[in-house]
Colleague: 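Take a look at the following structure, please.
Chain identifiers are assigned alphabetically (A, B, ...) following the order of the sequence lines, protein sequences preceding nucleic acid strands; residue numbering begins at 1 within each chain.
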Amino acid sequence: MAFRAFYALPAENFSTTTGQHTNAVYGFLSMLIKLLDEEQPTHLAVAFDMSGGTFRTEQYAEYKANRMAAPEPFAGQIDLIHEVMTAMNVNVLEKQGYEADDILATLAVAGAKSGMEVLVISGDRDTFQVVDDDITVLYPIRGVSTLTRMTPAAVLEKYDLPPARYPDLAALVGETSDNLPGVPGVGPKTAAKWVNLYDGLDNVIANADQIKGKAGQSLRDHLDQVIRNRQLNHLLLDVELPMQVGELQRRPVDREAVHQLFDTLEFDVLRDRLFATLPETAPVAPSPGADVDVVALADLPDGLEAWLAEHAGPGTLVGLDITGTAAQGSGDAWSVALGDADRHAVTVDLAEIPPADEASFAAWLADEARPKVLHEAKVAWHELRGRGFELAGVVFDTALAGYLAHPDQRRYSLADLSLRYLRRELATDTEPDGQAVLSLEGGADREAGQRAATLVELTEVLGADLKARGGRHLLEEVELPVQCVLREMERVGICADTSNLEELRGGFDEAVERHAAAAYEAIGREVNLSSPKQLQEVLFGELEMPKTKKTKTGYTTDADALAELYAKTEHPFLEHLLAHRDQIRLRQTAEGLLKSISPDGRIHTTFHQTIAATGRLSSTEPNLQNIPVRSDDGLRIREGFVVGDGYEALMTADYSQIEMRIMAHLSGDDGLIEAFRSGEDLHSFVGSSVFEVGTDEVTPAQRSKIKAMSYGLAYGLSAFGLSRQLGIEVAEARTLMDVYFERFGGVRDYLTTVVDQARRTGYTETIMGRRRYLPDLTSDNRQRRDMAERMALNAPIQGSAADIIKVAMIRTDRALTQAGCRSRLLLQVHDELVLEVSPGEAEQVDELVRREMGAAAELSVPLDISVGTGRSWRDAAH
DNA sequence: CCAACGACGTA
DNA sequence: CGTACGTCGTTGGC
């Protein structure tokens with residue numbers, strides 16, 4: 001398997017800074033870790049061949065004689081694998097004079113006999129002979145990451161023989177890799193036919209005289225060879241070993257040794273994968289909260305003031321857990337828990353808090369000098385605010401830290417983080433209905449108390465991990481401050497023009513009905529136009545239109561495909577179907593927005609800071625980051641977002657071409673940098689270079705090709721993709737890309753470098769050090785690897801843009817406060833900020849926003865910001 | 001009732 | 001066979 005890994009993985013991508021090649025070690029371990037994870041074996045052993053001869057070479061000197069000496073970069077890697085096995089405490093078996101496969105066969109049969117279910121992983125097909133109901137061979141198809149399960153049925157299917165007969169077939173066919181020639185002219189089909197017909201190789205040999213034809217003669221001419229092959233490919237089942245199969249239990253790895261060795265080998269990604277799969281990563285002592293001393297405020301003789309003085313003095317970090325509810329920019333808190341580093345916690349029922357305690361709590365909470373750690377502080381802030389409390393001094397947020405350490409996880413619950421970083425199980429946060437789990441014992445909510453204390457402990461461990469990943473400053477300088485800006489934006493919301501949206505909805509509604517009726521008319525019956533399944537029946541069944549691109553469940557009916565079909569058939573059904581789709585979508589958008597208007601007449605979205613793996617924000621309930629802008633009808637929806645009472649206008653400010661500017665900066669390409677410094681239209685400038693014409697001679701068609709390509713490059717676009725998008729031949733697209741790269745070689749170099757480096761380190765990085773881990777870059781699966789490569793191309797660019805606008809938000813918010821402005825931030829849409837301008841501040845805010853956004857990052861090209869104002873979001877466009 | 005899927009809006 | 005998201009309706013299994 002190590003040898004296969006050596007050939008499957010390109011050596012140049014797997015070597016340490018000291019020059020040691022590690023591709024065989026990497027591939028072998030990658031396979032082993034995957035198997036440990038997926039198969040969860042109770043017993044485990046790895047067998048090695050030993051140098052020096054075996055009984056087979058004694059019998060037949062040429063055995064494996066054609067094997068080339070292992071190439072230089074392979075040398076030493078077997079020893080490294082041995083070392084890793086020792087560190088991982090894996091049972092290793094080897095025996096002079098025997099091959100690894102003899103050891104495996106012996107163990108497999110013994111294991112099966114003692115009632116075990118056995119998996120044999122080997123790249124030698126001879127192992128198929130031990131396959132039975134209890135023994136499965138996992139055989140590598142290509143590389144070492146894809147293993148095929150050879151069960152009795154699989155062997156029968158592939159070779160037309162039961163497993164026990166496989167060596168009979170192999171003896172006839174021969175094995176080139178072992179230098180065992182077979183019978184010339186006899187392949188697997190003939191061999192299987194004979195073995196089945198005569199019931200085994202012995203009888204084939206005994207009846208060799210009767211076999212007709214050339215193949216029969218060939219067999220008679222090579223009988224000795226066949227007999228010898230069969231002796232050699234027979235695996236021994238009785239090798240004497242120092243350990244019996246029952247003694248091969250898996251043992252816990254030596255964590256320290258693994259860390260040291262993986263440091264040397266520079267296996268950062270594998271280390272994560274290994275530790276993630278280890279059973280001992282599971283909680284050692286699942287005793288929820290047993291070791292936290294939780295008391296209820298009501299049971300404190302001296303009240304909260306005394307507790308705070310003892311446990312939460314100035315500079316002492318305290319964990320704060322809020323039980324409450326938050327949504328649409330507001331919330332309510334029911335109870336809180338405070339926990340300290342010594343695992344003392346106090347819980348407070350806010351409904352029954354005595355006035356004196358409430359005053360102490362409020363003062364402590366609002367005190368910037370009393371450091372606090374929370375999980376999702378933005379939510380807590382909304383909840384506390386619902387009770388009139390101000391929260392300040394948040395120095396750590398475990399959800400944000402967990403996100404920065406591993407940005408592509410689905411969730412960052414405190415329970416998950418506790419398990420991962422502290423190996424301690426935490427009771428689940430909430431019931432499915434959102435109600436907090438309250439396990440009151442002596443009046444104290446033990447779970448809340450445990451969570452509060454756990455926060456403090458996590459700060460240390462998670463903080464250290466984040467620091468090691470170079471993400472500490474991102475937490476402190478970017479994510480925590482921007483969280484404060486976001487909570488305010490959520491609270492404020494954006495004003496909606498209800499009657500405008502209602503009118504729109506009515507109009508869309510009417511259009512939906514009209515197009516539906518026309519569509520039914522065109523095909524003579526009613527179908528559900530929102531059902532792709534029913535549409536397929538109509539289009540490809542009844543109307544017999546040409547088939548479109550395949551989906552998992554049939555053929556696509558997406559807008560592109562329908563437009564193409566319409567171009568071909570001009571069928572009126574398609575026209576109305578497309579219009580219906582369009583209008584129904586707009587109606588849904590208008591409807592959804594109307595439903596989300598709060599009693600204050602404003603729409604309060606929720607921004608999520610820990611969802612997008614690249615570092616972007618996301619927006620839900622409602623999503624205000626995907627409000628239509630491209631169509632006329634879409635723009636009318638933007639008219640439904642308007643300036644609120646007491647304010648003068650909405651203002652939008654966006655970065656123009658920020659991703660291309662980041663590309664210019666990161667690649668350092670002279671041409672692209674010059675393009676931005678020249679002040680010319682970017683795509684015309686690039687086009688003039690590619691097409692070798694003056695900037696003012698670039699045709700609109702050329703410009704749009706260049707624009708598509710420039711942006712496509714940042715996403716890992718292929719020549720195929722470009723050709724499809726532009727409707728040109730693949731060859732033309734390829735030529736276009738070649739010329740582009742010739743002119744902008746720095747871009748090409750950057751793109752290859754970024755992937756290479758990510759493959760080496762395991763992650764990509766933005767200009768502010770935000771990492772994204774991409775273990776799939778070394779996957780044997782091409783689709784996954786290609787996908788990871790495109791992510792690697794895009795993540796630094798999209799992520800850097802996300803970094804920059806977050807900093808811009810922090811700066812803008814701060815500058816507005818410092819300038820004493822009433823104007824405020826409302827929304828962020830990835831490269832755009834929407835503000836509400838107070839009367840008389842328009843000019844000042846215009847200048848301020850340009851300044852702060854422009855100064856958010858120091859790139860080798862200028863950041864260009866365009867600003868517009870107006871009564872509605874649409875009018876504020878520029 | 002829920003998850004998966006297709007479709008489609010944004011940057 | 002271009003990245004990153006969220007939401008909706010339909011569908012089919014539980």
Side-chain angles (χ1 to χ4, degrees), chain A residues 407-408 410 432 527-536 548-562 577-578 580-593 595-596 605-631 633-635 637-638 654-660 708-726 730 733-734 737 751 764 772 774 782-783 786-799 801-802 805 827-833 873:
Chain A
D408 33 26
R410 6 160 238 268
V527 292
N528 185 337
L529 297 175
S530 299
S531 164
K533 188 165 171 266
Q534 294 183 34
L535 287 178
Q536 285 173 51
T548 54
K549 211 174 81 175
K550 275 209 164 122
T551 65
K552 273 184 190 168
T553 52
Y555 301 93
T556 182
T557 63
D558 68 20
D560 274 357
L562 293 183
L577 173 58
L578 280 165
H580 178 266
R581 279 247 180 97
D582 209 35
Q583 296 296 315
I584 207 166
R585 169 107 196 146
L586 289 160
R587 185 187 66 180
Q588 274 169 11
T589 306
E591 176 78 30
L593 289 172
K595 276 194 218 155
S596 65
T605 185
T606 303
F607 288 106
H608 297 272
Q609 225 175 326
T610 60
I611 299 295
T614 51
R616 276 191 177 176
L617 300 175
S618 80
S619 154
T620 62
E621 291 181 284
N623 180 356
L624 293 186
Q625 292 181 320
N626 73 340
I627 302 303
V629 73
R630 285 170 198 172
S631 69
D633 284 330
L635 281 174
I637 290 186
R638 292 203 167 206
D654 60 48
Y655 285 113
S656 54
Q657 297 147 336
I658 189 164
E659 296 200 341
M660 285 312 295
M709 181 154 57
S710 289
Y711 279 98
L713 289 177
Y715 304 143
L717 185 69
S718 64
F720 178 90
L722 184 64
S723 74
R724 249 186 43 136
Q725 193 181 313
L726 296 177
V730 178
R734 194 178 303 284
M737 286 177 82
L751 293 175
T764 61
R772 176 172 189 184
L774 294 164
R782 209 187 70 133
Q783 206 175 325
D786 286 353
M787 176 70 119
E789 284 181 6
R790 292 193 295 270
M791 290 174 178
L793 291 174
N794 181 247
I797 296 172
Q798 191 184 118
I805 195 157
L827 300 177
Q828 186 254 48
V829 193
H830 308 310
D831 65 358
E832 169 188 7
L833 298 179
W873 194 356

Colleague: Between CG of L577(A) and CG of L535(A), what distance do you get to the nearest 0.5 Å?
Modeller: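 So the gap between those two atoms works out to 5.5 Å.
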
Colleague: Whole Å only: how far is the CG atom of L593(A) from the P atom of dC8(C)?
Modeller: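 So the two atoms are 10 Å apart, to the nearest Å.
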
Colleague: To the nearest Å, give me how far apart CG (L774(A)) and C1' (dT3(C)) are.
Modeller: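 Between C1' of dT3(C) and CG of L774(A): 12 Å.
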
Colleague: Among the nucleotides dG6(C), dG9(C), dG2(C), which one has an atom lying closest to any side-chain atom of I611(A)?
Modeller: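 So the nucleotide nearest the side chain must be dG6(C).
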
Colleague: So N528(A), base contact, sugar-phosphate only, or nothing? Heavy-atom distance under 4.0 Å.
Modeller: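 Sugar-phosphate contact only.
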
Colleague: Could you tell me whether E659(A) and R616(A) have a side-chain N and a carboxylate O separated by less than 4.0 Å?
Modeller: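 Salt bridge: yes.
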
Colleague: Restricting both atoms to N or O, compile the protein contacts to nucleotides 12-14 of chain C shorter than 3.5 Å, with distance only.
Modeller:
none

Colleague: Can you tell me which nucleotide in dT10(C), dC5(C), dT3(C) comes closest to the side chain of M787(A)?
Modeller: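 For M787(A), the side-chain atoms sit closest to dT3(C).
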
Colleague: Which nucleotide in the list dC8(C), dT10(C), dC5(C) gets nearest to the side chain of S531(A)?
Modeller: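 That would be dT10(C).
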
Colleague: Do V829(A) and L624(A) have side chains that get closer than 4.5 Å, going by heavy atoms?
Modeller: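 They are not in side-chain contact.
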
Colleague: Whether the side chain of S531(A) engages the backbone of N528(A) through a donor-acceptor N/O pair (distance < 3.5 Å, no angle test) should be reported.
Modeller: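 A pair under 3.5 Å: no.
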
Colleague: Hey, are the side chains of L827(A) and F607(A) touching, using non-hydrogen atoms and a 4.5 Å cut-off?
Modeller: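 L827(A) reaches F607(A) side chain to side chain.
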
Colleague: Which pairs with one or both residues in residues 708-719 of chain A pass salt bridge (Lys or Arg N to Asp or Glu O under 4.0 Å), sequence neighbours excluded?
Modeller: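 Every candidate salt bridge (Lys or Arg N to Asp or Glu O under 4.0 Å) pair involving residues 708-719 of chain A fails, so no pair, neighbours aside, qualifies.
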
Colleague: Can you pull every protein N or O that's under 3.5 Å from an N or O on nucleotides 7-11 of chain B?
Modeller:
| from | atom 1 | to | atom 2 | distance (Å) |
| --- | --- | --- | --- | --- |
| dA7(B) | OP1 | T557(A) | N | 2.5 |
| dA7(B) | OP1 | T557(A) | OG1 | 2.6 |
| dA7(B) | OP2 | T556(A) | OG1 | 2.8 |
| dA7(B) | O3' | R581(A) | NH1 | 3.4 |
| dC8(B) | OP1 | R581(A) | NH1 | 2.9 |
| dC8(B) | OP2 | A559(A) | N | 2.9 |
| dG9(B) | O4' | R585(A) | NE | 3.3 |
| dG9(B) | O4' | R585(A) | NH2 | 3.2 |
| dG9(B) | N2 | N626(A) | ND2 | 3.4 |
| dG9(B) | N3 | N626(A) | ND2 | 3.1 |
| dT10(B) | OP1 | V629(A) | N | 2.8 |
| dT10(B) | OP1 | R630(A) | N | 3.0 |
| dA11(B) | OP2 | R630(A) | NH2 | 3.2 |
| dA11(B) | O3' | D831(A) | N | 3.3 |
| dA11(B) | O3' | D831(A) | OD1 | 2.9 |
| dA11(B) | O3' | D831(A) | OD2 | 3.2 |
| dA11(B) | N3 | R616(A) | NH1 | 3.0 |
| dA11(B) | N3 | R616(A) | NH2 | 3.4 |

Colleague: Taking the side chain of Q534(A) as heavy atoms from C-beta outward, which of dA4(C), dT11(C), dG2(C) is closest to it?
Modeller: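 Of dA4(C), dT11(C), dG2(C), dT11(C) is nearest to the side chain of Q534(A).
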
Colleague: Using a cutoff of under 3.5 Å, can you pull out all pairs of nitrogen or oxygen atoms linking the protein to nucleotides 1-3 of chain B, with atom names and distances?
Modeller:
none

Colleague: Could you go through the side-chain hydrogen bond (donor to acceptor under 3.5 Å, both in side chains) check for T557(A) and R581(A) one step at a time?
Modeller: CA-CA 11 Å; T557(A) 63; R581(A) 279 247 180 97; 3.0 Å; yes

Colleague: By nearest atom, which of the nucleotides dG9(C), dT3(C), dG6(C) is closest to the M791(A) side chain?
Modeller: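 Side chain of M791(A) sits closest to dT3(C).
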
Colleague: Out of curiosity, T548(A) OG1 to L562(A) CG, how far, rounded to the nearest 0.5 Å?
Modeller: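 Spacing of OG1 (T548(A)) from CG (L562(A)) equals 8.0 Å.
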
Colleague: Would you please confirm or rule out a distance under 4.0 Å between OP1 or OP2 of dA4(C) and any side-chain N or O of R772(A)?
Modeller: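 Indeed, a polar side-chain atom of R772(A) lies that close.
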
Colleague: Please report the C-alpha distance between Y555(A) and K549(A) in whole Å, then the side-chain angles of each, then the deciding distance to 0.1 Å, and finally whether the side-chain contact (heavy atoms from CB on, under 4.5 Å) criterion is met.
Modeller: CA-CA 6 Å; Y555(A) 301 93; K549(A) 211 174 81 175; over 6 Å; no

Colleague: Could you pull out all residues at least two apart from S619(A) that satisfy side-chain hydrogen bond (donor to acceptor under 3.5 Å, both in side chains)?
Modeller: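 Testing S619(A) for side-chain hydrogen bond (donor to acceptor under 3.5 Å, both in side chains), a comparison that skips the adjacent residues, returns T605(A).
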
Colleague: From CG of D408(A) over to C1' of dT3(C), roughly how many Å is that when rounded to an integer?
Modeller: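 To the nearest whole Å, that distance equals 14 Å.
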
Colleague: Restricting to side-chain hydrogen bond (donor to acceptor under 3.5 Å, both in side chains), what partner residues turn up for H830(A), sequence neighbours left out?
Modeller: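 Here no residue qualifies.
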
Colleague: Measuring to OP1 and OP2 of dA4(C), would you say a side-chain N or O of T614(A) lies under 4.0 angstrom away?
Modeller: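 Indeed not, no polar side-chain atom of T614(A) lies that close.
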
Colleague: Between dG9(C), dT7(C), dC5(C), which nucleotide has the shortest distance from any of its atoms to the side chain of A613(A)?
Modeller: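 Given the options dG9(C), dT7(C), dC5(C), the side chain of A613(A) is closest to dC5(C).
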
Colleague: Figure out the CZ/P separation between R587(A) and dG9(C), and round it to whole Å.
Modeller: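 Spelled out: CZ on R587(A) to P on dG9(C) is 9 Å.
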
Colleague: Please check this pair: side chain of T620(A) against backbone of N623(A), looking for a donor-acceptor N/O pair closer than 3.5 Å.
Modeller: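 No.
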
